[in-house]
Amino acid sequence: MKEQVSQLILQALDTLVQQGQLPGDLPDRVQIDRTRDPSHGDLASNVALGLARAAGKKPRELAALICEALPQAGFIARTEIAGPGFINFFLSGASSQAVIQRILEQREAFGTSRLGEGRKVQVEYVSANPTGPLHVGHGRGAAVGDCICRLLQATGWNVTREFYYNDAGQQITNLALSVQARCKGLGPGDPSWPEDGYRGDYIEEVARAYLRGDRIDATDQHVSGAADPEDLDSIRRFAVAYLRREQDLDLQAFAVHFDNYFLESSLYDNGEVEATVQRLIERGHTYELDGALWLRTTDFGDDKDRVMRKSEGGYTYFLPDVAYHLNKWNRGFVRVINEQGADHHSTVTRVRAGLQALESGIPEGWPDYVLHQMVTVMRDGEEVKLSKRAGSYVTLRDLIDEVGRDATRYFLAARAANSQLTFDINLAMSQSNDNPVYYIQYAHARACSVMRRLEEQGWEWTEEAALANLDALTEEHEKALLRQLDRYPEVVASAATSNEPHGVATYLRELAGDFHTCYNALKVLVEEPGLRDARIALSEAVRQVIANGLGLLGVSAPESM
RNA sequence: GCCCUCGUAGCUCAGUUGAAUAGAGCACUCCCCUCCUAAGGGAGAUGUCGCAGGUUUGAGUCCUGCCGAGGGCACCA
C-alpha cells in the first residue's frame with residue numbers, strides 16, 4: 001500500500017515537472033509513513049516539506065499542487081493537507097478491510113516474505129563453553145538468537161543455527177581438575193582444591209556420574225565414564241560431554257535447538273588456524289616483536305595491534321576466532337549474525353580487522369553483531385544473585401522452572417538487546433493484566449472462545465459470507481484493529497532486517513490491547529448475520545496474527561486459559 | 001586514561017531509520033459483568049526526552065563536549 005501511494009506521488013511530481021512547476025531533478029522515492037493519529041488519515045507523506053526549498057514554494061502550496069496532480073485511485077478515499085505541509089491519505093473502507101482477506105487466505109504465511117531470497121545466513125548464539133549450566137545471560141542470548149532465526153526464516157532466508165564452543169584450553173583443564181578433585185572427595189574449602197576451580201555443586205554430580213561409569217549422550221558428544229580418578233584426559237572428555245548434555249536439556253526446555261555444534265579444537269585439528277596464520281603473513285600484515293607474532297590490526301581500524309602467536313609458541317584466542325569466521329565465509333554465508341554478551345564487544349573490531357587483513361573479499365563490517373547487555377534478576381524487590389547448584393549465578397533452568405518457558409522467553413526477548421534488562425520474577429509469574437505475556441495470550445484465547453461460542457449458539461460462519469460483508473466494519477475500534485493488522489508484515493520485515501525481535505513483542509502488546517478494547521466495546525456474536533460474520537472474520541484475523549507473532553517469539557498461543 | 005552500550009512519566013519500557021499536541025503498561029483516583037472468560041475495558045492525572053551547545057524548514061532520534069550507570073581495554077579464554 002505504501003508503495004502504491006508512493007507511485008501516485010511520483011506520478012504527480014512528474015506531472016508538475018512537465019508543467020514547469022517543479023525543477024527536473026526529483027528523488028526516485030518518497031517517504032510514506034503510517035500516521036500515529038487516526039485524524040491524520042492512514043498514511044502520510046512529507047514530500048512537500050522536502051521539496052519546498054528546491055521548488056521555491058511554501059510547503060503547503062506545493063502540497064496543494066501535488067494533491068491536484070495526483071492520479072485518481074480507488075483505494076484512496078480522500079487526501080488532506082495538514083500541519084506544516086503533510087499530505088494525509090485516507091484509505092477507502094474496502095481497501096483497509098481487504099487485509100482480513102489477505103490474512104484468512106495466507107494464514108500462517110501472513111507476514112512472511114521473500115526478502116532473503118533463499119540466501120544463506122548463519123546465526124551463532126549461546127556458544128557457551130561446557131563448564132557449567134547455562135546462566136540467565138545465556139538465556140537472553142538464546143531467546144534473542146532464536147527469535148532472530150525465526151524472523152529470518154519468516155523472511156525467506158536459508159538459516160543455519162550454530163553453537164560454537166571450546167572443548168580444550170585452560171577453562172576446560174580447570175573444569176577437569178575440579179571434577180578430579182571432587183572424585184577424590186575434596187571440596188572447595190580444601191587446601192589442595194585447584195586454584196580458580198569450579199565450585200558449584202554440579203561439579204560433584206559430574207564426579208559421581210564419572211565414578212559410576214555413566215554413559216552420556218549429548219547432541220554432539222557421546223562418552224562413558226572411565227571411573228578412574230587419575231585419568232585426567234578421560235575426566236575432561238566426560239565432563240565436557242556431561243555439561244554439554246546439561247546445556248542441551250536447558251535449551252530443550254527453552255525450545256531452542258541448533259543445526260550445528262562447532263568445536264574450536266577442530267580448527268586446530270584440520271589446520272585452519274595454521275593456514276590462517278600463513279595467509280596473514282603472506283598478505284604482509286604481520287610482524288615479529290619480542291618473540292611474538294603480531295597482526296597489524298591498526299591498519300583496519302583497531303586501536304592497537306594484536307598478538308597472534310605468543311613468544312612461548314601458543315596462539316591467542318583471537319586467531320581461532322578469525323579462522324572460525326573465515327570458515328563461515330567459506331561455507332557461503334553471505335550474512336552472519338553473532339549474538340553475544342556485550343562483555344565480548346572488544347572482539348568485534350578485532351575479528352573484523354583480522355578478516356580484512358586476509359584480503360579474501362570479505363566485506364567490511366561483516367559479520368553482524370548483536371550484543372546483549374546484562375540481565376538483573378529481581379524477586380520481591382531484591383536482586384537474586386545465586387543459584388544453589390551453580391553456586392555463583394542464576395541459571396536459565398531456575399527461571400524456566402519458576403516462571404515457565406513462555407514468560408521467560410517473552411521477557412528475555414521483548415526488550416532491545418542493547419539495553420540492560422531487569423527480569424522481575426514476580427511480574428513474569430503474575431497471572432494478571434500486569435503481565436504482557438498473559439495479556440497477549442489471553443487475547444488469542446478470547447478469539448478462540450468466540451469460535452467456540454459460535455458453535456454453541458448453533459450459528460454458521462463461512463469465510464465467503466464474511467468476506468462479502470466486510471464493509472460492515474465501520475466502527476472506530478474496528479478501524480484501529482484493521483490498521484494494526486495491516487502493519488504486521490512491515491513489523492516482521494523490519495525486525496528481521498535490523499536483528500531486533502523486540503519489535504514483534506511490542507507490536508503484539510499493542511495489537512492485543514486494541515483487540516481487548518474492541519472486544520469490550522463491541523459484541524462479536526450479534527444477531528444480525530452480516531455484521532456478525534464480519535466481526536468474526538476480524539476476530540479470526542487478529543487471532544491468526546497473534547498466533548503468527550507469538551510463533552516468531554517461540555511463545556505458545558493457547559486456545560483457552 | 002581510551003573504547004562500546006545505555007540515560008524518555010514515581011517504576012518497567014516503546015518510539016516506525018529526522019516530522020504534526022512525545023506513547024504504552026504498572027502504581028494512584030473514579031467507573032463498567034442479568035452482557036461472547038473481569039487473566040478484560042473506560043475516564044482522570046503523570047514529562048526541562050541526563051545537561052550544554054551545534055547541524056536542519058524541522059532533533060527524543062544526527063554531530064561535539066560534559067555528567068551518570070553498566071561493560072570492555074593481556075603474549076587469559
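- Residue A:R509 is in sugar-phosphate contact alone, with no base atom involved, counting any heavy-atom pair closer than 4.0 Å across all strands shown.
- Side-chain atoms of A:E288 do not come within 3.5 Å of backbone N or O of A:G291 as any donor-acceptor pair.
- Under the Watson-Crick or G-U wobble criterion, with both distances below 3.5 Å, B:rU29 is paired with B:rA43.
- When all heavy atoms are compared, the tightest approach of A:L115 to A:A493 is CD1-CB, 3.6 Å.
- In this structure, A:A52 reaches neither bases nor backbone, as no heavy-atom distance under 4.0 Å exists between it and the strands shown.
- Between A:V524 and A:G83, the residue whose closest nucleotide on RNA chain B is further toward the 5' end is A:G83.
- Using a 4.0 Å heavy-atom distance criterion, A:Y439 is classed as a sugar-phosphate-only contact.
- At a cut-off of 3.5 angstrom, counting only N and O atoms as typed in the model, there is no donor on one side facing an acceptor on the other between the side-chain of A:Y438 and the base of B:rA39.
- Using N1 to N3 plus N6-O4 or O6-N4 for Watson-Crick, or N1-O2 and O6-N3 for G-U wobble, each under 3.5 Å, B:rU16 pairs with nothing.
- Taking atom CD1 on A:I440 and atom C1' on B:rC13, their separation rounds to 13 Å, with Å as the unit.
- Judged by distance alone with a 3.5 Å cut-off, a donor-acceptor contact links the side chain of A:S311 to the base of B:rC75.
- Across all strands shown, A:H502 has heavy atoms under 4.0 Å from sugar-phosphate atoms exclusively, and none from any base.
- For the P atom pair drawn from B:rG50 and B:rU8, the interatomic distance equals 6 Å after rounding to whole Å.
- Nucleotide B:rC76 holds its P atom 15 Å from the CE atom of A:M308, rounded to whole Å.
- For A:T517, no side-chain nitrogen or oxygen approaches OP1 or OP2 of B:rG41 to under 4.0 Å.
- Using a 4.0 Å heavy-atom criterion, one finds that A:I81 contacts no nucleic acid atom at all.
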What side-chain donor-acceptor pairs closer than 3.5 Å can you find for residues 501-517 of chain A, not counting sequence neighbours?
unit_1 : atom_1 : unit_2 : atom_2 : d
A:T506 : OG1    : A:H502 : O      : 3.1
A:Y507 : OH     : A:Q484 : O      : 2.7
A:E510 : OE1    : A:R487 : NH1    : 3.2
A:D514 : OD2    : A:Q484 : NE2    : 2.7
A:H516 : ND1    : A:R446 : NH1    : 3.1
A:H516 : NE2    : A:Y439 : O      : 3.2
A:T517 : OG1    : A:G513 : O      : 2.9

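- As judged by a 4.0 angstrom heavy-atom cut-off over every strand, A:Q171 is placed among residues touching the sugar-phosphate backbone only.
- Base contact: A:S449 has a heavy atom under 4.0 Å from a base atom.
- With rounding to the nearest 0.5 Å, the separation of CD1 in A:I281 from OG1 in A:T286 is 5.0 Å.
- Across every strand in view, B:rG53 sits in a pair with B:rC63 that passes the Watson-Crick or G-U test at under 3.5 angstrom.
- Note: CD (A:Q373) to C1' (B:rG72) measures 11 Å, nearest angstrom.
- A:D290 comes within contact range of at least one nucleobase, with a heavy-atom separation under 4.0 Å.
- Within residues 345-353 of chain A, the residues that have a heavy atom under 4.0 Å from RNA chain B are, in order of number, A:H345, A:S346.
- Rounded to a whole angstrom, the distance from the P atom of B:rU37 to that of B:rG25 is 23 Å.
- For the P atoms, the distance from B:rG70 to B:rC63 is 24 Å, rounded to whole Å.
- Spacing between B:rG60 and B:rG15 at atom P, rounded to whole Å, works out to 16 Å.
- Here, B:rU12 and B:rC73 have their P atoms 28 Å apart, quoted to the whole Å.
- Nucleotide B:rU37 has no partner under the Watson-Crick or G-U criteria, as no pair reaches both atom distances under 3.5 Å.
- The aromatic rings of A:Y393 and A:H135 stand perpendicular to each other, their planes meeting at an angle above 60°, with 30° marking the opposite boundary.
- Annotation: of the two residues near RNA chain B, A:A417 and A:V450, the 5′-most nearest-nucleotide partner is A:A417.
- As judged by a 4.0 angstrom heavy-atom cut-off over every strand, A:S560 is placed among the base-contacting residues.
- Between A:K304 and B:rG1, a side-chain N or O to OP1/OP2 separation shorter than 4.0 Å is absent.
- Heavy atoms of A:D424 sit nowhere under 4.0 angstrom from any nucleic acid atom.
- Below the 3.5 angstrom threshold, one finds a donor paired with an acceptor across the side chain of A:N46 and the base of B:rA19.
- Under 4.0 Å is where a charged nitrogen must lie from a carboxylate oxygen, and between A:E455 and A:R452 no such pair does.
- Close placement of the A:F262 and A:Y324 rings is indicated, their centers lying within 6.0 Å of each other.
- Between the side chain of A:N88 and the base of B:rA20, a donor-acceptor pair under 3.5 Å is found.
- Of all heavy-atom pairs spanning A:I87 and A:C67, the tightest one is CG2-SG, 3.7 Å.
- Among the atoms of the strands shown, base atoms are found under 4.0 Å from some heavy atom of A:L522.
- Taking the P atoms as reference points, B:rG41 lies 43 Å from B:rG53, given to the whole Å.
- Computed from coordinates, the A:N426 CG to B:rU12 C1' distance equals 13 Å when rounded to whole Å.
- The side-chain tip of A:R78 points at the ring of A:F90 from less than 6.0 angstrom away and within 45° of straight on.
- Nucleotides B:rU46 and B:rA22 are separated by 13 Å at their P atoms, to the nearest Å.
- Among the protein residues, A:A445 comes within range of the nucleic acid bases, having at least one heavy atom under 4.0 Å from a base atom.
- Distance A:D303 CG to B:rC4 P: 10 Å, rounded to the nearest Å.
- For the pair A:Y410 OH and B:rU12 P, the interatomic distance rounds to 17 Å; values are reported in whole Å.
- For B:rA38, one of the phosphate oxygens OP1 or OP2 lies less than 4.0 angstrom from a side-chain nitrogen or oxygen of A:R446.
- Residue A:A342 is in sugar-phosphate contact alone, with no base atom involved, counting any heavy-atom pair closer than 4.0 Å across all strands shown.
- Aromatic pair A:H477/A:Y519: ring centres not closer than 6.0 Å.
- Comparing B:rG18 with B:rC3, their P atoms sit 25 Å apart, to the nearest whole Å.
- When atom types are taken as modelled, the side chain of A:H325 and the backbone of A:V351 share no donor-acceptor pair closer than 3.5 angstrom.
- The backbone N or O of A:E124 sits nowhere less than 3.5 Å from a side-chain atom of A:N338 that would complete a donor-acceptor pair.
- The CD atom of A:E527 sits 12 Å away from the C1' atom of B:rC36 (whole-angstrom rounding).
- Across all strands shown, B:rA69 forms a Watson-Crick or G-U wobble pair with B:rU5, both key distances being under 3.5 Å.
- Of the side-chain N and O atoms in A:R415, none sit less than 4.0 angstrom from OP1 or OP2 of B:rU12.
- Distances from the side chain of A:H40 to the nucleotides B:rA14, B:rA20, B:rA77 place B:rA20 closest.
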